[in-house]
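Read through the structure below, which is laid out as structure tokens, and then see the notes.
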Amino acid sequence: MHRPLTQSDLLPRGPLRRLGRSLHWFAEIDSTNRFLLAAAADLPDGAVAWTEYQTAGRGRLGRAWQSPRGASVLLSVLLREPAGSPLGDYAALAGALAACEAITEAAGCPARLRWPNDIVAGERKLGGVLVESAAAGGRRVLVVGIGLNCLQHRGHFAAELREQATSLEIECAGAVDRAGVAATLLARLDEEFADAAPAGERVRRWCGAWASRSDDLGRRVRLVENGRTLEGTIVDLGEAGELVVQLDAGGRRAFSARTATRAW
Ligand code: BTN
């Protein structure tokens, strides 16, 4: 359908600071996240895996992530982080922020963030981030996986997703440069993950960036947690990236992305 993304598409200006020391391309694989997690013991920090098609792509909370062959950017990076690294809580936000900036810069499409890890255009989802982790010898291995819908037309989405999902092809005025989006995404991820500023400074920057790149603050929200549905108004982002909600039933509560899912 479309030309596969090559190593020189992803790294057009040569090596980055942290990401890309080890590169793994697959015409087809079950999941780039699964691959990096399974191979973590043998791979260096900053390893990158990308593919044209996933047969068992993973989304948050055990959902599937599906995309037609060659239509998306499907990419994962492996990070070895020390215990207590702020990325333990903020890797998904940092990844979503990088994706948002890459889309705006490379495709000229003003993407926004929607808690916890969605990249949206208007009310529709353009992409998402899934962070999975494992312990390895006193350090934490984080795999940050990103899926960005690039070339899909409306008919490519399953009927039940058609009202909720979108792509750069649908949203952007001009032709979509999938390779440019992928390269800019990897460069932006590298800026986020190679940043050695003190943890507090990075967290303040991520929270500030979330506030300016998201329309969530002040919005009504419905959250489902452990089978319970709760409604309220979003008032803040918590210290570990949780969504702080003023509940209609009374009281303020922080919801973790690990347990809560957003209905709208
Ligand atoms: C979500 O919004 O639910 C997160 C979707 C994350 C999908 C990406 S595609 C590349 C990487 N490999 C996977 O199996 N999942 C992530």
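No hydrogens, no waters, no symmetry mates; every other heavy atom, side chains included, goes into these values. Every number for a ligand or one of its atoms is a count from 1 in the order of the listing. Everything numeric here is computed off the predicted structure, so don't read it as measured data.
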Do you see a donor-acceptor pair shorter than 3.5 Å between the side chains of Thr55 and Glu28? no
Of all pairs that satisfy side chain to side chain donor-acceptor pair (under 3.5 Å), the ones with a partner from residues 33-50, not counting sequence neighbours: Arg18-Asp45, Asp30-Arg34, Asn33-Ser76, Asn33-Glu132
Mind checking whether Phe35 and His24 have parallel, tilted or perpendicular rings, split at 30° and 60°? tilted
Checking Thr184 against Glu105: is there a side-chain donor and acceptor pair closer than 3.5 Å? no
Check ring-ring contact (aromatic ring centres under 6.0 Å, His included) between Trp65 and all other residues, then give those that pass, not counting sequence neighbours. none
Going by side-chain contact (heavy atoms from CB on, under 4.5 Å), name the residues that satisfy it together with Glu242, two or more places apart in sequence or in a different chain. Ala240, Ala254
Present, as a list of atom pairs with distances to 0.1 Å, all nitrogen or oxygen contacts under 3.5 Å between ligand 1 and the protein.
residue  : atom   : partner : partner atom : Å
ligand 1 : 2 (O)  : Lys125  : NZ           : 2.6
ligand 1 : 3 (O)  : Arg60   : N            : 2.7
ligand 1 : 12 (N) : Thr32   : OG1          : 3.1
ligand 1 : 12 (N) : Gln54   : OE1          : 2.9
ligand 1 : 14 (O) : Ser31   : OG           : 2.7
ligand 1 : 14 (O) : Gln54   : OE1          : 3.4
ligand 1 : 14 (O) : Arg58   : N            : 2.7
ligand 1 : 15 (N) : Arg58   : O            : 2.7

